[in-house]
Amino acid sequence: MTDAYAPEEVIERITALTAERLSHFERLRIVTPVTTGDGPRYRTLDVRRITLLCELTDDFEVNEDALVIIMRLLDQLHGAQGRLDRMVQAIDAEPSEIKLRLSRRLQDPE
């Protein structure tokens, strides 16, 4: 399975998507293709994002301004989740006594 789709491939995969709609999402800066020697390419994550954008606008009639806000919030949430995952991995790598102390501190409401 590839992780670099040409615009035509993305349009073919997402039935609600047109070239104009894809360009509109790009102009709103809520989808940004990767530039390659073969032209613009979209990652699997981008394809999922575009699918969500189509669903939000078609099924829930989300307007353009709200769409931009929703996607920014999702990006922030995704970033926070990544940082939290790294923090959990860092704590997990610590000795047992440190993990226990941190666990107690996190449970203490102060």
Side-chain angles (χ1 to χ4, degrees):
M1 182 173 185
T2 184
D3 191 35
Y5 301 95
E8 301 79 24
E9 294 173 304
V10 176
I11 293 166
E12 189 175 298
R13 292 174 70 94
I14 304 171
T15 55
L17 187 64
T18 63
E20 295 79 24
R21 196 173 202 186
L22 181 57
S23 294
H24 183 69
F25 292 153
E26 289 178 16
R27 281 192 304 278
L28 292 175
R29 297 178 188 246
I30 50 180
V31 175
T32 305
V34 175
T35 303
T36 70
D38 295 325
R41 293 293 182 263
Y42 298 89
R43 299 163 295 157
T44 300
L45 181 62
D46 297 319
V47 173
R48 290 183 186 137
R49 186 179 184 93
I50 294 164
T51 301
L52 175 61
L53 290 166
C54 290
E55 290 172 356
L56 287 171
T57 53
D58 293 346
D59 299 344
F60 299 101
E61 299 177 3
V62 173
N63 69 39
E64 188 175 285
D65 293 333
L67 197 62
V68 171
I69 291 168
I70 290 168
M71 298 314 289
R72 284 187 186 149
L73 290 171
L74 284 174
D75 290 342
Q76 289 175 8
L77 183 59
H78 181 73
Q81 181 65 50
R83 289 188 297 277
L84 181 60
D85 289 344
R86 289 189 300 277
M87 187 179 301
V88 168
Q89 290 173 355
I91 291 170
D92 195 43
E94 292 297 321
S96 297
E97 61 274 5
I98 292 174
K99 286 193 275 191
L100 181 60
R101 188 175 65 206
L102 287 171
S103 175
R104 287 181 182 149
R105 180 173 262 170
L106 290 170
Q107 292 174 5
D108 185 12
E110 288 187 53

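Quick note: residue numbers are just sequence positions, from 1.
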J.: Roughly how far, to the nearest 0.5 Å, is CD of Q107 from OG of S103?
T.: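 One gets 4.0 Å once the value is rounded to the nearest 0.5 Å.
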J.: Mind checking salt bridge (Lys or Arg N to Asp or Glu O under 4.0 Å) for D92 and listing every partner two or more places apart, or none if nothing turns up?
T.: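 In terms of salt bridge (Lys or Arg N to Asp or Glu O under 4.0 Å), with neighbours along the sequence ignored, D92 is linked to K99.
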J.: Decide if atom CD of E97 counts as having more than 12 heavy atoms of other residues, nucleotides or ligands within a radius under 6.0 Å.
T.: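 Atom CD in E97 is crowded, with more than 12 foreign heavy atoms closer than 6.0 Å.
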J.: Just wondering, do P33 and P7 contact through their side chains at under 4.5 Å, heavy atoms?
T.: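 The answer is no, as the side chains (C-beta and beyond) never meet within the 4.5 Å cut-off.
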J.: My understanding is that only one of I14, V10, L17 makes a side chain to side chain contact (heavy atoms under 4.5 Å, CB included) with T51; could you say which?
T.: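 When side chain to side chain contact (heavy atoms under 4.5 Å, CB included) is applied between T51 and each of I14, V10, L17, only I14 qualifies.
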J.: Just by distance, with hydrogens left out, do D85 and Q81 show a side-chain donor and acceptor under 3.5 Å apart?
T.: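 Judged by distance alone, the side chains do pair up.
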J.: Around atom CD of E94, are there more than 12 heavy atoms of other residues, nucleotides or ligands at under 6.0 Å?
T.: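 Counting other residues, nucleotides and ligands, CD of E94 exceeds 12 neighbours.
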J.: Roughly how far, to the nearest 0.5 Å, is CZ of R101 from CZ of R105?
T.: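 Answer for the CZ-CZ pair, R105 versus R101, is 7.0 Å.
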J.: Closest heavy-atom contact between A16 and D58?
T.: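 Taking A16 first and D58 second, the nearest heavy atoms are CB-OD2, 3.5 Å.
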J.: Under the 3.5 angstrom rule, does the side chain of R29 hit a backbone N or O of V68 as a donor-acceptor pair?
T.: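 No: the side chain of R29 does not pair with the backbone of V68.
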J.: Nearest heavy-atom pair of N63 and A66: which atoms, and what distance?
T.: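 So the minimum-distance heavy-atom pair works out to OD1-N, 2.8 Å.
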J.: Should V34 and V47 be regarded as members of a common hydrophobic cluster, given that ILVMFWY residues are connected when their side-chain heavy atoms come within less than 4.5 Å of each other, either directly or indirectly?
T.: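 No, no single cluster joins them.
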J.: Could you state the interatomic distance from CD1 (I50) to CG (L45), rounded to the nearest 0.5 Å?
T.: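 One finds 10.0 Å between CD1 of I50 and CG of L45.
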J.: Please check if the side chain of R49 supplies one atom and the backbone of V31 the other of a donor-acceptor pair under 3.5 Å.
T.: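 No, the answer is negative, given that no donor and acceptor are paired below the 3.5 Å cut-off.
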J.: What's the separation between atom CG in L52 and atom OG1 in T57, rounded to the nearest 0.5 Å?
T.: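 Reported to 0.5 Å precision, the distance equals 9.0 Å.
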J.: Do D46 and R43 meet the salt-bridge criterion of a basic N to acidic O distance under 4.0 Å?
T.: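 Counted as a salt bridge, because a side-chain N and a carboxylate O are separated by less than 4.0 Å.
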J.: Can you tell me how far the CG atom of L106 sits from the CD1 atom of I91, to the nearest 0.5 Å?
T.: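 The distance works out to 6.0 Å.
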J.: Determine whether M71 and L28 satisfy the following criterion, side-chain contact (heavy atoms from CB on, under 4.5 Å), listing intermediate values before the conclusion.
T.: CA-CA 11 Å; M71 298 314 289; L28 292 175; over 6 Å; no
J.: Is it true that F60 and L74 fall in one hydrophobic cluster, defined by side-chain heavy atoms closer than 4.5 Å?
T.: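 Yes, F60 and L74 fall within the same hydrophobic cluster.
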J.: Flag yes if L100 and M87 sit in one hydrophobic cluster, no otherwise; membership is Ile, Leu, Val, Met, Phe, Trp, Tyr, and two members link when side-chain heavy atoms are under 4.5 Å apart.
T.: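 No, because L100 and M87 fall into different hydrophobic clusters, even though each may have its own neighbours under 4.5 Å.
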J.: How many angstroms lie between CZ in R72 and CG in L67, if you round to the nearest 0.5 Å?
T.: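 Answer rounded to 0.5 Å: 11.0 Å.
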J.: Could I get the full list of salt bridge (Lys or Arg N to Asp or Glu O under 4.0 Å) partners for R41, not counting sequence neighbours?
T.: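 None.
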J.: Decide yes or no for L53 and H24: does some side-chain heavy atom of the first lie under 4.5 Å from some side-chain heavy atom of the second?
T.: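 Not in contact.
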